[in-house]
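The next block holds one structure in the form of structure tokens; read it before the comments.
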Amino acid sequence: EVTGVQTCALPILGYSITMAQETIDTNCMTLTRFILAEQKKHAKGGTGDLTQLLSSLQSAIKAVSAAVRRAGISQLFGVAGDVNVQGEEVKKLDVLANDLFINMLRSSYASCLLISEENENEIEVETERQGKYIVTFDPLDGSSNIDCLVSIGSIFAIFKKPHEGQLAPGDSLQSGRQIVAAGYALYGSATMIVLSAGHGVNGFMLDPSIGEFVLTDPEMTCKPRGKIYSINEGYEEHWEEAVKEYVKSKKQGSNPYGGRYIGSMVADVHRTLKYGGIFMYPATAANPSGKLRVLYECMPMAYIMEQAGGLASDGQKPILDLVPKKLHERSPIFLGSREDVEDVLAVIKKHRV
Ligand code: P6P
């Protein structure tokens, strides 16, 4: 390690601060290095296509991170003037993030089909560039929070083409149990990628001084029980009775849970993974299937949570057991610490018998 000390005297108030120069770890575990090691460890004889795909995803995320950090200065805030398939206003950063993901994935030579929250139809990669993976993604989730600088994120899941030969209709509508790898990027006070390829969950923080994601949170696990519940209480009148009863129970007694809701799924899920507790987006009168989308929000987050020892359910069955019938299908979701999710499922079951 190289360390050094540099003192810069501040003329103001007559005191000085000592700024330790950044220490450079000459053996840091970068995300690229980690993915390669995982391939050697778990996919002996692997083609390296997944490694290549994750490397391309990493490039897209680094570019989105740079754009998010400069959005205000670069006038990237504000509405792009379009409306996406969800009927939501498309913010300029949304468009840029979507283009970055699509271009980086198409040029990875490892993907054949892309499903984006921003595109009504799936995107088939040109034949000469096709690889064996199908990628579903929300390029910039939480975009309603962009202009007020609340944390936002990107979410992705990776499936395999289910057969040899030409793509066929419905190839992207697979069970969550077919996921090969999934994760999210959080553009918060730091930029972080949380990733699983089926052997646990690891967190990598972007070190801007070297432009690399570095392993900072190895083998992440979700506590069996937390002390935080996360739900948009503005919709309380529209929840089913079981959800009303469960949320009320979290506020009662001498030791109530804390309530936290950011309104950005990646930020709410990341806090739940780190601190424990439960994140819920249940069905409401307006959204009888909930709001969050199965293929590129619910499933990737459910995959990460299960890999970390948590649970993710639609209220009846595990999210990963779902098989969507449409690209942008939605589902209610109850996700987080195993015991907390089991508690809400027990209340739902009680109300449904
Ligand atoms: P509501 C953001 O728009 C998003 O898609 C998720 O990131 C977030 O969890 C949810 O919607 C918030 O929805 O209805 O609470 O504003």
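Numbering of ligands and ligand atoms starts at 1, following listing order.
With no hydrogens or angles considered, a side-chain donor-acceptor pair links Ser56 and Gln52 at under 3.5 Å.
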Distances for all N or O pairs of ligand 1 and the protein under 3.5 Å?
from	atom 1	to	atom 2	distance (Å)
ligand 1	7 (O)	Asp141	OD1	3.3
ligand 1	7 (O)	Asp141	OD2	2.5
ligand 1	7 (O)	Met265	N	2.8
ligand 1	9 (O)	Met265	N	3.3
ligand 1	11 (O)	Lys291	NZ	2.9
ligand 1	13 (O)	Lys291	NZ	3.1
ligand 1	14 (O)	Tyr235	OH	2.6
ligand 1	14 (O)	Tyr281	OH	2.7
ligand 1	15 (O)	Asn232	ND2	2.9
ligand 1	15 (O)	Tyr261	OH	2.5

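Partners of Glu233 under the salt bridge (charged side-chain N to carboxylate O under 4.0 Å, His left out) rule, at least two apart in sequence or in another chain, are Lys251. The ring pair (Phe, Tyr, Trp, His ring centres under 6.0 Å) test applied to His42 returns His199, not counting sequence neighbours. When the ring pair (Phe, Tyr, Trp, His ring centres under 6.0 Å) test is applied to Phe279, no partner is found at least two apart in sequence or on another chain.
Relative ring orientation between Tyr184 and His270 is described as perpendicular, the plane-to-plane angle rising above 60° on a 0-90° scale split at 30° and 60°.
Annotation: side chain of Leu113 is not in contact with side chain of Lys161 (no heavy-atom distance under 4.5 Å).
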